[in-house]
Each structure stands twice: as C-alpha cells, then as structure tokens.
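Have a look at the structure below, then the notes.
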Number of protein chains: 2
Amino acid sequence: MSSSLTVLEEKLDPRAKRTRHLILTSFQSLLTEKGFDAVSIQDIANHAEINRVTFYAHFSDKYALLEYAVRKAFISEIEKRKLDLCNYSPENLRTMILTVCEFLASIHTKCAQPHQQFEPLVEGIIKKQISELLAHWLIKSKLPTELPATVATWAIYGLAFHYSQLKIRPTLEQFVEEAFPLVAVNLEQFASE
Amino acid sequence: MSSSLTVLEEKLDPRAKRTRHLILTSFQSLLTEKGFDAVSIQDIANHAEINRVTFYAHFSDKYALLEYAVRKAFISEIEKRKLDLCNYSPENLRTMILTVCEFLASIHTKCAQPHQQFEPLVEGIIKKQISELLAHWLIKSKLPTELPATVATWAIYGLAFHYSQLKIRPTLEQFVEEAFPLVAVNLEQFASE
DNA sequence: AAATATAAACAACATGTGTAGTTTACTAGT
DNA sequence: ACTAGTAAACTACACATGTTGTTTATATTT
C-alpha cells in the first residue's frame, strides 16, 4: 500500500502523459454526460482530440480505463484520510465505511445512467481496495482473519452501495451510526489485540 | 416468490419454446467449453442451428441470456430445498449459505474461463434472489430489517464466492460451520420473534 | 544541431453486434 | 381443409471494436 502510482505512470514520455490525461478527463466528462454504456471509444477520442487507435496504446478497452479511473480516485480518498497508514480500530473502520459511502454516493451522482455493467465493475475495484486495506490493518493479528475480513469487505461495500441507492437519504453520519455495528461485530476480536 | 416462471415462459408458441430451449442448452454447452467472453451470438446460433437474428427475438443480448440461465438454475436450487416456503431460522440460513456455496462452486467448475464481466453479473443475479428471499423470510418482523438483510445478503454471497475461489477447499460442511456465525450474528434478533 | 527513439496519426481491414424489411414455414382457430 | 397470425429464415446494412503496418511529429540522446 506504500505506493499508489502504477506502472502506467512511471517514466512516461511527456506526450504519453499528455495523451493519458486527455483520455482520462474526457472519459470523466463523458461519463457524467452520457453514462458509461453510451460512451464509445470514438467518443472519448473525439473529445480528447486524439486518434481513436491511440486509445489502444494506453488502455486495452473501456473497462480498463474505468478501472484505472475509479482506482485512482478511490486510492486518493483513502490516502487523504491516511487510512492506508494505520491499523484496525473501530474509529478507522467507521472512517472507512464513511469514505466508501461518500465515494459511491458521488459516483451515483456523477454518472448519468448507471448501467448493468458499470456498477459491478466499480464494485470489483473498490472491494479489492477495501480487502487489501483490511488485510493490511490485520496483518499482525494472531487470530484467523480471512473470513471476518471477507465478510467485512462485502458488508462495507454492500452498505455503502445501499446508501448510494437510497432515494431519500438519512444524513451520512446517521447512516454510518446504524451501519457500523453490523460490520464491527465481526471484527471486535481484533480491536483488543 | 410463489411463481418462478417468468413472462418469458407463459403461453409460448411451440416454435418459440423449441428455439428458446435450443438457445439455452447451446449457451450452457458453449459456456463450459469456451467461457463466457469467448462465446459470440453467432456461436450460439450455429450451435443451436438457428439464424443469428432469431436470437434477438428472444434475448436482447448475451447478458440477458446469462441472467435468464443463471436465475433459472438458482431458483431451481432454492425450490429444491423449499427455501422459498419457509421463514427465517438459523437452520434455514445455514441451508441457504450451503446452497449458494454449492451453486457458485459449480459455476466455477462449469465455466471454462471466468471472465471479468461474467462473475459480477452472476453476483448481481444471485444477490437479488438472496435479498428477495431474506425479505420474504423477515416480512413479519416488527424490527427494522433493511440493513441487517442487506449485510446478510452481501455476506452470504461474499462467503460463497470466497469458497468457490479457494484452490484448496475445506469440506463444504466445515466451511459453512465457520461462515454461519459471521452471517447469523446480525440476524439473531429475528430468530426469537 | 543532427541522429535516434518513440508516441501519435493515418489508412485499411476483419469481426461481432444490432436493426430493419421481406419471404417462408409453422401453429392456432374456424 | 382453409385462413390468419406468428415465428424464423433471409438479406442488407450501419456501427463499434480491435488489429496491423506505414508515415509523421515529438522527445531524447549523441
């Protein structure tokens, strides 16, 4: 968890950096405007003012671009709160739940038309990050962590997703207050280590 | 939950029934052989010995077919164990966890190459069924059920998915013994109603 | 500044998906 | 048995995706 920069960003020629940035910002703009499903590679290329084929020098497909964009954004949120530099505690768990809720609510707002294949992909990306973070938090534990961490990962994501889909939302703080015990219950043993 | 037959299957002309059946069995066969991503609509049509365009009279796309196939199979498993005809109890919860584990393990075995876009779709389909079943089980409860049911849905699916991905698997019974308390802990209050 | 390396543009092409209209074959009703 | 309705085959087409090879433009090295 020490370095969030990917291979994608190391020692890049300035042209490639520029192009990648154009692709990313165009994608984000079109996502907001049209929704994931309606955005084509040609749309992205037009908006970024690059040749369509150039897209494939950077990303294998639209899904790879989504993964990159979402991961980058989420890791940024994790790092902003220093969640990657701490251990398990109820307070850190609460912050993580809150972060995921905020993130998903923001995605829900920003994406014009949630589509069948968009949300599951976002889920996969975020759950992987949550899972790695929990594994990191619990690394020193002498107790078996695998199943509790698995359940916690899915529960956190499930709750946050539920929150993001609510038509009438309670305040985030209120929601997290109710959600927290449902997750924390399976992680209690790790708080007293 | 009383009727699992969909609109798709009511008052169908025999030709359409035949064609649908051909599509479904061809799909299942190709899924096993090539994996979801590698199967094209033309492949399915060839295997089923129908015209490719005819496919679209029945399913909007490959994903719609997957949803139909997986839902049908899963509902069949639920009905086999009469899980749709009971209420919440720890024993029924245990059976549900076991059923989902078995189902996902079988999918994992049957599908030649799990692909990025396949598993998330399966997940969406199965979670929806779990969620509806839990809602049905807890319908008479006077306590708030929404968040505990949400967490339980995701936890059940998460555990079953985890089990299906294990390279070295414990026995299913053993796994369910360990998994059960992690799910049941949030549903205890409903068992004593 | 010139030479070399590399990213991006360009052109051409193959493949799969999805739509629309017409004709043929099968089913249901009389 | 005949008629009307409907499912499937057929044809043609548009569109998006992804690959390949060549040329042009930009960045780095000498």
Side-chain angles (χ1 to χ4, degrees), chain A residues 5-27 29-31 33-69 112-113 115-118 121, chain B residues 5-27 29-31 33-69 112-113 115-118 121:
Chain A
L5 286 187
T6 64
V7 181
L8 280 183
E9 289 166 330
E10 294 176 352
K11 297 200 172 181
L12 260 197
D13 180 310
R15 290 169 300 183
K17 268 195 182 176
R18 281 201 303 272
T19 302
R20 201 155 290 179
H21 185 256
L22 288 170
I23 291 172
L24 188 58
T25 53
S26 294
F27 179 62
S29 180
L30 290 165
L31 208 50
E33 186 191 317
K34 307 176 75 168
F36 185 72
D37 191 49
V39 177
S40 69
I41 307 297
Q42 188 62 65
D43 292 335
I44 297 167
N46 289 342
H47 195 278
E49 293 182 307
I50 62 166
N51 188 281
R52 178 177 69 81
V53 176
T54 302
F55 178 93
Y56 295 98
H58 295 263
F59 298 101
S60 56
D61 55 31
K62 191 168 69 167
Y63 301 95
L65 173 59
L66 174 67
E67 180 170 343
Y68 175 71
Q113 302 200 55
H115 183 270
Q116 188 177 22
Q117 284 164 66
F118 175 74
L121 289 172
Chain B
L5 287 186
T6 62
V7 181
L8 279 184
E9 289 166 329
E10 294 176 346
K11 297 198 173 183
L12 261 197
D13 181 310
R15 291 170 299 185
K17 271 195 181 174
R18 282 201 303 270
T19 302
R20 201 155 290 178
H21 185 256
L22 288 171
I23 291 172
L24 189 58
T25 54
S26 293
F27 178 62
S29 180
L30 290 165
L31 208 48
E33 185 190 319
K34 307 176 75 168
F36 184 72
D37 190 48
V39 176
S40 70
I41 307 296
Q42 188 63 66
D43 291 335
I44 296 167
N46 289 342
H47 195 278
E49 292 181 309
I50 61 167
N51 186 281
R52 178 179 68 83
V53 177
T54 304
F55 178 94
Y56 296 98
H58 295 262
F59 299 101
S60 55
D61 55 32
K62 192 168 67 166
Y63 301 96
L65 173 58
L66 174 66
E67 179 170 342
Y68 175 72
Q113 303 202 55
H115 185 268
Q116 186 179 21
Q117 283 164 66
F118 174 74
L121 289 171

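Here is how names work: the chains are called A, B, and so on, in the same order as the sequence lines, proteins then strands, and each is numbered from 1.
Distance from the side chain of A16(B) is smallest for dA7(D) among the nucleotides dT17(D), dA7(D), dG18(C).
dT17(C) atom P lies 12 Å from atom CG of L65(B), rounded to whole Å. Between the CG atom of N51(A) and the P atom of dA12(C) there is a distance of 13 Å, given to the nearest Å. The nearest whole Å value for the distance from the CD1 atom in I44(B) to the C1' atom in dT17(C) is 12 Å. When rounded to the nearest whole Å, the span between CG of D61(B) and P of dG18(C) equals 6 Å. Nucleotide dA8(D) holds its C1' atom 18 Å from the NE2 atom of H21(B), rounded to whole Å. If you take CG of D43(B) and P of dG16(C), they are 8 Å apart, rounded to a whole angstrom. Distance K62(B) NZ to dG16(C) P: 11 Å, rounded to the nearest Å. To the nearest angstrom, C1' of dG16(C) lies 12 Å from OH of Y63(B).
For the atom pair CZ of F36(A) and CG of L30(A), the computed distance is 12.0 Å after rounding to the nearest 0.5 Å. The distance from atom CG of L121(A) to atom CG of L121(B), rounded to the nearest 0.5 Å, is 8.5 Å. Atom OG of residue S26(A) and atom CG of residue L65(A) lie 9.5 Å apart, to the nearest 0.5 angstrom.
Every residue was checked against the side chain to side chain donor-acceptor pair (under 3.5 Å) condition with T54(A), not counting sequence neighbours, and none meets it.
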In the 5'-to-3' direction, what one-character label does each nucleotide of nucleotides 19-30 of chain C receive under the scheme B = base within less than 4.0 Å of a protein heavy atom, S = sugar-phosphate only, - = no such atom? BB----BBSS--

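Contact between the side-chain N/O atoms of H58(A) and the OP1/OP2 oxygens of dA7(C) is not found at any separation under 4.0 Å. Distances shorter than 4.0 Å separate some side-chain N or O of T19(A) from OP1 or OP2 on dA8(C). Residue T54(A) places at least one side-chain N or O under 4.0 Å from the OP1 or OP2 atom of dA9(C).
Within the 4.5 Å cutoff, the side chain of I41(B) has no heavy atoms near those of the D61(B) side chain. Contact of the F27(B) side chain with the H47(B) side chain is not registered, since no non-hydrogen atoms from C-beta on lie closer than 4.5 Å.
The backbone N or O of T25(A) sits nowhere less than 3.5 Å from a side-chain atom of S29(A) that would complete a donor-acceptor pair.
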